[in-house]
Asker: 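Here you go, one structure.
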Number of protein chains: 2
Amino acid sequence: MSFPSQYAAPVEKSAPQRDGERTRQRAIQVAAAHISANGFHKMSIAAVAVEAGVSQSGLLHHFPSKAALLSAVLDEQERSDSEFLFGDGEPPLGWDAFDALVALAAHNSTRPQWVQLFVRISAEATAPTHPGHPWIRRHYDSVRSWLVDAVEHGKANGSIQRGAPTRLIVESTAALLDGIQQQWVLAPETVSMVDNVRFHVETLKKSWG
Amino acid sequence: MSFPSQYAAPVEKSAPQRDGERTRQRAIQVAAAHISANGFHKMSIAAVAVEAGVSQSGLLHHFPSKAALLSAVLDEQERSDSEFLFGDGEPPLGWDAFDALVALAAHNSTRPQWVQLFVRISAEATAPTHPGHPWIRRHYDSVRSWLVDAVEHGKANGSIQRGAPTRLIVESTAALLDGIQQQWVLAPETVSMVDNVRFHVETLKKSWG
DNA sequence: GTCTATACCTCGATAGAC
DNA sequence: GTCTATCGAGGTATAGAC
């Protein structure tokens with residue numbers, strides 16, 4: 001699940017468009033599609049260049065290396081999800097945070113490519129030498145921070161029991177999100193992301209709410 | 001999580017060792033290590049051959065293609081996990097099945113390479129063109145069948161409430177297992193697989209037991 | 001900012017001797 | 001069953017003209 005925030009490193013709004021900005025944006029979209037399909041390792045910048053309508057060198061003018069292209073794709077992903085979850089406001093806290101995850105699951109059900117991209121990268125990038133490794137670490141730290149804050153906040157205002165195990169609630173929720181996405185990518189017709197996330201969240205509420 | 005059974009296609013015991021059986025086994029181990037580290041796409045049969053102490057052609061004598069080598073690795077993985085979970089007996093049913101998953105998590109905590117291998121493959125192989133795709137589909141079907149049977153059995157003998165949502169219990173459990181493995185691969189010191197799996201299972205028992 | 005041309009590498013697989 | 005030699009394809013990145 002991809003849902004960072006101000007808890008992560010800030011993402012600057014992309015600069016105003018010059019001439020090649022169109023090409024740049026197209027390349028990012030094409031690259032995202034390729035990574036979604038087969039992962040970063042199998043994506044070739046030659047193929048991306050063709051589909052984006054530029055030569056390979058033209059592409060490498062905008063992104064000096066394959067890794068740089070990946071970074072651009074990941075930043076785009078981060079920006080998009082953060083926008084959906086938080087808009088321009090504050091991140092939801094308490095159980096509202098968990099309800100927001102249910103909403104995100106519903107949103108993601110409408111864009112399989114996004115989910116696939118995240119599934120691919122989050123597995124590949126656990127390797128320390130992977131160019132996306134720093135990104136994925138930041139991502140998990142960000143999610144964890146947000147959810148820990150959410151639970152602490154709920155405990156403070158009484159909506160969550162004081163004795164609730166914060167760490168386990170946070171970790172198991174993140175795990176469920178990632179795992180259900182993987183199953184969904186494999187069999188979108190047989191698995192419902194929303195039902196499973198809601199089931200998990202409702203179970204937590206019943207136990208600790 | 002890798003834990004198939006007689007629910008999956010049967011795995012024949014490997015044939016008695018000829019001359020090259022040693023080489024074959026060594027190659028499987030080396031290949032497993034490479035896939036664990038960087039995934040199937042980045043594994044090169046040349047590198048595997050060197051580490052296994054044979055030439056590339058020597059390796060390709062035992063495994064006619066890279067995909068065949070992958071199959072051998074996956075069968076080995078399947079055999080190992082199935083043995084741990086079920087031994088030579090019947091698969092556990094009812095809540096016992098879920099307790100067995102907690103035990104498996106504990107076992108897996110002692111062999112990071114196994115877990116990494118599964119994390120890598122289960123993400124890569126969701127792509128329909130991946131050589132491991134048929135395997136991963138069988139794997140999930142197998143797990144699902146087993147756990148569905150386990151819940152139905154529990155309902156029949158009264159240990160699980162009749163109204164419990166079988167599908168959601170099964171899917172969310174599988175999702176949690178996969179997701180927590182991914183987090184653990186990324187940060188083994190900060191995340192406990194056992195604690196999270198146990199937490200999930202205990203929560204299920206409290207809600208539907 | 002975009003192109004052509006190319007250097008240089010790694011890879012999977014095959015041919016054929018021993 | 002293992003080797004050497006090699007083919008052909010595809011990959012990233014650079015050089016330099018326009």
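Chain identifiers are assigned alphabetically (A, B, ...) following the order of the sequence lines, protein sequences preceding nucleic acid strands; residue numbering begins at 1 within each chain.
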Asker: Looking across every strand, which nucleic acid part, if any, lies under 4.0 Å from A:Leu60 by heavy atom: base, sugar-phosphate, or nothing?
Answerer: base
Asker: Where along residues 31-40 of chain B does a heavy atom fall under 4.0 Å from DNA chain D?
Answerer: none
Asker: Give the rounded distance in Å between these two atoms: CG of B:Leu59 and C1' of C:dC11.
Answerer: 14 Å
Asker: So, does B:Ser44 get its side chain near the phosphate of C:dT10, meaning an N or O under 4.0 Å from OP1 or OP2?
Answerer: no
Asker: Using whole Å, report how far CD of B:Glu21 lies from P of D:dT2.
Answerer: 11 Å
Asker: Does B:Asp141 offer a backbone N or O that forms a donor-acceptor pair with the side chain of B:Trp146 under 3.5 Å?
Answerer: no
Asker: Among A:Gln181, A:Gln116, A:Arg120, A:Gln183, whose side chain to side chain donor-acceptor pair (under 3.5 Å) with B:Thr126 holds?
Answerer: A:Arg120
Asker: Would you say C:dT2 has OP1 or OP2 under 4.0 Å from some side-chain N or O of A:Thr23?
Answerer: yes
Asker: Where the side chain of A:Ser57 is defined as all heavy atoms beyond and including C-beta, which of C:dA13, C:dT4, C:dT14 is the nearest nucleotide?
Answerer: C:dT4
Asker: Does A:His61 place a side-chain N or O at less than 4.0 Å from the phosphate oxygens OP1/OP2 of C:dG1?
Answerer: yes
Asker: How long is the line joining NE2 of B:His41 and C1' of C:dT10, in whole Å?
Answerer: 16 Å
Asker: B:Leu70 has an atom CG; how far is it from atom C1' of C:dC11, in whole Å?
Answerer: 17 Å
Asker: Mind calculating the distance between CE (A:Met43) and C1' (D:dT12) to the nearest angstrom?
Answerer: 11 Å
Asker: Can you find a donor-acceptor pair, distance only, under 3.5 Å between B:Ser55 side chain and D:dT4 base?
Answerer: no
Asker: With a 4.5 Å heavy-atom cut-off, do A:Val119 and A:Trp184 have their side chains touching?
Answerer: no
Asker: Once you round it to whole Å, what is the distance between P of D:dC3 and CD1 of B:Ile45?
Answerer: 14 Å
Asker: Please confirm whether the ring centroid of B:Trp135 lies under 6.0 Å from the ring centroid of B:Tyr140.
Answerer: no
Asker: Would you check if there is a donor-acceptor pair between the side chains of B:Ser80 and B:Arg111 at a distance under 3.5 Å?
Answerer: yes
Asker: Rounding to a whole Å, what distance do you find between B:Arg26:CZ and D:dG1:C1'?
Answerer: 13 Å
Asker: Would you say the ring centroid of B:Phe40 lies under 6.0 angstrom from that of A:His41?
Answerer: no
Asker: With the side chain counted from C-beta on, respond yes when A:Trp95 and A:Leu204 share a heavy-atom pair under 4.5 Å apart, and no when they do not.
Answerer: yes
Asker: In whole angstrom, what separates B:Gln56's CD from D:dC7's C1'?
Answerer: 12 Å
